[in-house]
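Taking it in order: structure first as structure tokens, then the write-up.
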Protein chains: 2
Amino acid sequence: MSQKEKVCQQKLIVTRDALEVIQGKWRIPIVLALTFGDKRFGEIQRDIVDISPKMLSQELKSLETNKIITRTLYDSMPVTVEYSLTPLGHSMKKLLDELLNWGVTFRKEVVGR
Amino acid sequence: MSQKEKVCQQKLIVTRDALEVIQGKWRIPIVLALTFGDKRFGEIQRDIVDISPKMLSQELKSLETNKIITRTLYDSMPVTVEYSLTPLGHSMKKLLDELLNWGVTFRKEVVGR
DNA sequence: GGAAGTAGTTACCGTTGGGTAAGTACCAAA
DNA sequence: TTTGGTACTTACCCAACGGTAACTACTTCC
């Protein structure tokens with residue numbers, strides 16, 4: 001196997017690992033919403049209007065187990081829960097920026113505006 | 001709605017549009033493989049060892065309709081087909097780099113190398 | 001007491017993403 | 001004529017992703 005092919009193989013492995021974690025319709029949008037500051041369940045739901053509470057709950061859990069966000073319960077009245085990005089979550093910002101950037105490019109090229 | 005919330009909304013819209021195009025297990029890996037040069041069907045299959053011909057064919061078509069790759073048929077003996085990135089496809093390189101970068105970070109943090 | 005807001009959970013169901021296996025069609029070399 | 005290489009397509013099936021709707025539990029406000 002050539003050097004080039006080896007590099008290709010390694011990049012593919014790492015990229016596919018990363019993809020597994022951020023796959024799906026909702027995980028990236030949730031992380032993006034949290035880059036604007038810590039938010040409560042209801043706030044995220046209001047940002048991402050068409051996500052159901054079931055999916056939001058499910059995806060928040062998945063992001064928590066992958067150490068991308070943390071869940072903090074405040075014993076206030078009424079009980080509130082805040083979600084925030086971990087350092088690992090914050091480390092996704094450049095990735096999110098590039099995704100947004102490319103989204104703009106794609107929009108111009110294909111969608112036509 | 002505050003200025004911040006408006007920005008959040010707009011970013012969410014564009015990002016979700018972009019996500020739709022690159023979603024799934026295989027599209028990003030295929031594009032990544034093609035950043036190493038134009039390739040034939042069989043070559044991509046050898047790079048991404050566990051992709052089935054069905055999925056490869058299906059995802060190549062999807063990438064073609066979204067103008068990310070082009071399909072060129074060479075009337076040689078035997079007939080060969082080459083897939084290559086369009087300018088829009090090439091514009092994904094920074095995104096792929098960041099995904100790889102983050103993949104490395106994630107690996108260190110969670111998988112534990 | 002009833003409504004409304006907090007943060008979810010549960011049950012049910014349908015679509016689609018993806019896997020397996022086999023088949024197609026063409027050509028070349030042995 | 002059989003094998004092998006090119007590039008797929010087709011049929012079948014299952015699990016996971018995601019949607020809808022209803023329900024829970026607690027508290028405060030009216």
Side-chain angles (χ1 to χ4, degrees), chain A residues 12-13 15-34 37-66 68-85, chain B residues 5 12-13 15-34 37-66 68-84:
Chain A
L12 276 170
I13 291 170
T15 301
R16 287 182 63 183
D17 280 355
L19 270 180
E20 232 172 74
V21 180
I22 59 172
Q23 275 273 12
K25 192 172 174 181
W26 302 116
R27 303 222 257 265
I28 291 270
I30 291 170
V31 174
L32 179 59
L34 289 177
D38 302 357
K39 289 186 178 173
R40 283 177 293 145
F41 192 90
E43 288 181 292
I44 304 174
Q45 233 186 333
R46 258 166 270 133
D47 282 345
I48 310 172
V49 284
D50 48 353
I51 194 171
S52 65
K54 171 195 148 185
M55 289 310 294
L56 182 52
S57 171
Q58 183 182 299
E59 298 305 80
L60 284 170
K61 272 178 197 159
S62 146
L63 289 170
E64 206 192 344
T65 59
N66 281 312
I68 291 167
I69 63 171
T70 51
R71 181 184 189 272
T72 314
L73 187 114
Y74 290 100
D75 198 11
S76 52
M77 306 273 179
V79 170
T80 56
V81 180
E82 255 198 3
Y83 295 92
S84 46
L85 295 179
Chain B
E5 280 164 340
L12 275 169
I13 292 170
T15 300
R16 288 182 61 183
D17 280 356
L19 270 180
E20 232 173 75
V21 180
I22 59 173
Q23 276 271 14
K25 192 171 174 180
W26 302 117
R27 303 222 256 266
I28 291 269
I30 291 170
V31 174
L32 180 58
L34 289 177
D38 302 356
K39 290 186 176 171
R40 282 175 294 144
F41 192 91
E43 289 181 292
I44 304 174
Q45 235 187 331
R46 257 166 270 135
D47 282 345
I48 309 173
V49 284
D50 47 353
I51 194 171
S52 65
K54 172 195 148 185
M55 287 310 296
L56 182 52
S57 170
Q58 183 181 302
E59 299 304 81
L60 285 170
K61 270 178 198 159
S62 147
L63 288 169
E64 204 192 345
T65 58
N66 281 311
I68 291 167
I69 64 171
T70 50
R71 182 182 190 274
T72 315
L73 188 114
Y74 290 100
D75 200 10
S76 52
M77 307 273 181
V79 169
T80 55
V81 180
E82 254 197 3
Y83 295 93
S84 46

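No experiment lies behind these values; they were computed from the predicted model shown. Below, chains carry the letters A, B, ... as their sequence lines are ordered, and counting in each starts from 1.
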Can you find a pair of side-chain heavy atoms, one from A:Tyr83 and one from A:Ile69, that are under 4.5 Å apart?
-> yes
side-chain N/O B:Lys39 vs D:dT6 OP1/OP2, d < 4.0 Å | no
Any B:Leu63 side-chain heavy atom under 4.5 Å of B:Leu34 side chain = no
Give the table of side-chain donor-acceptor pairs shorter than 3.5 Å for residues 18-26 of chain B, with sequence neighbours excluded, one pair per line with atom names and distance.
{"residue": "B:Gln23", "atom": "NE2", "partner": "A:Gly24", "partner atom": "O", "Å": "2.7"}

Evaluate the side chain to side chain contact (heavy atoms under 4.5 Å, CB included) criterion for residues A:Ile51 and A:Ile30: first the C-alpha distance (whole Å), next the side-chain angles of each, then the deciding distance (0.1 Å), finally the verdict.
-> CA-CA 10 Å; A:Ile51 194 171; A:Ile30 291 170; 4.3 Å; yes
Between atom CD in B:Glu20 and atom P in D:dG18, what is the gap in whole Å?
-> 12 Å
The helix from C:dG1-D:dC30 to C:dA30-D:dT1: angle between end helix axes, five pairs per end, rounded to 10 degrees | 10°
Once you round it to whole Å, what is the distance between P of C:dG8 and CZ of A:Arg40?
-> 11 Å
Rounded to whole angstroms, how far apart are CD1 on A:Ile30 and P on C:dG8?
-> 12 Å
side-chain hydrogen bond (donor to acceptor under 3.5 Å, both in side chains) with B:Arg40: which residues, sequence neighbours excluded?
-> none
Sequence neighbours left out, what passes side-chain hydrogen bond (donor to acceptor under 3.5 Å, both in side chains) with B:Thr15? Give chain and number order.
-> none
In whole angstrom, what separates B:Glu59's CD from C:dG19's C1'?
-> 13 Å
Verify the contact: side-chain N or O of A:Arg71 to OP1 or OP2 of C:dG8, cut-off strictly under 4.0 Å; return yes or no.
-> yes
For atom CG of A:Asp38 and atom P of C:dA7, their distance in whole Å | 13 Å
Taking side-chain hydrogen bond (donor to acceptor under 3.5 Å, both in side chains) as the test, write out the residues that go with A:Arg16, two or more places apart.
-> B:Asp50
Any side-chain hydrogen bond (donor to acceptor under 3.5 Å, both in side chains) pairs touching residues 52-61 of chain B, not counting sequence neighbours?
-> B:Arg27-B:Glu59
Which is it for A:Ile44 and A:Leu60 under the side chain to side chain contact (heavy atoms under 4.5 Å, CB included) test, yes or no, and what are the steps along the way?
-> CA-CA 10 Å; A:Ile44 304 174; A:Leu60 284 170; 4.3 Å; yes
Side chain to side chain contact (heavy atoms under 4.5 Å, CB included) with A:Ser84: which residues, sequence neighbours excluded?
-> A:Asp38, A:Thr70
Would you please confirm or rule out a distance under 4.0 Å between OP1 or OP2 of C:dT9 and any side-chain N or O of A:Ser57?
-> yes
Return the value, rounded to whole Å, for the distance between atom NZ of A:Lys61 and atom C1' of C:dT10.
-> 11 Å
Determine: side-chain N/O of B:Tyr74 to OP1/OP2 of D:dA7, distance under 4.0 Å, yes or no.
-> no
Summary of protein contacts for nucleotides 11-17 of chain C, nucleotide by nucleotide, where a base hit scores B, a sugar-phosphate-only hit scores S (4.0 Å, heavy atoms) = B------
Atom CG of A:Leu60 and atom C1' of C:dA7: how far apart are they, to the nearest Å?
-> 11 Å
Using the test side-chain hydrogen bond (donor to acceptor under 3.5 Å, both in side chains), find all partners of B:Glu43 that sit at least two apart in sequence or belong to another chain.
-> none
For residues 43-52 of chain B, which residues have at least one heavy atom under 4.0 Å from DNA chain D?
-> none
List in chain and number order the residues that pass salt bridge (Lys or Arg N to Asp or Glu O under 4.0 Å) with B:Lys39, two or more places apart in sequence or in another chain; answer none if no residue qualifies.
-> B:Asp47
Can you check the B:Leu73 CG to D:dC8 C1' distance for me, whole Å?
-> 12 Å
